[in-house]
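All figures in this text were calculated on a predicted structure; none of them were measured in a lab.
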Amino acid sequence: MQGQQVPTDFTTETLSNRVVFLEAALAKKDAVISEKDVVISEKSADLVKLSAELAYLRNSNTSRLQRMIFGSKRERFISSDFPEQFKLEFEPKSVEIDQQR
């Protein structure tokens, strides 16, 4: 209806031409709507994928940080201030080397 004048005579021919024109305009708009629906569905799929990835990364980073902060410490520094603690010698004594020869 934009850019067109409303007919003043209501003959069968003008009304049928008007119906054809309006149906063509409606078909164009339906095509645009269907294209936009495809784009929306693609964007929705991307959104679901990214949301799942975000949830995974949040959980994995949170778990990793909790392990780093609160997890068990396998390598702790233990000072030599405790005489009752045994000491491991990493190098064999020179007497032991001579005996093995």
With clusters built from Ile, Leu, Val, Met, Phe, Trp and Tyr whose side-chain heavy atoms come within less than 4.5 Å, directly or transitively, what are the remaining members of the cluster of Y56, listed by chain and number?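 Answer for Y56: L57.
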
For residues 38-53, tabulate all N or O donor-acceptor pairs below 3.5 Å that involve a side-chain atom, not counting sequence neighbours.
unit_1	atom_1	unit_2	atom_2	d
S41	OG	D37	O	3.4
S41	OG	V38	O	2.8
S44	OG	I40	O	2.9
S51	OG	L47	O	2.8

Main-chain N/O of T12 paired to S16 side chain as donor or acceptor, under 3.5 Å: yes

Could you work out, with side chain to side chain contact (heavy atoms under 4.5 Å, CB included) as the rule, every residue matching E13, not counting sequence neighbours? T11, N17

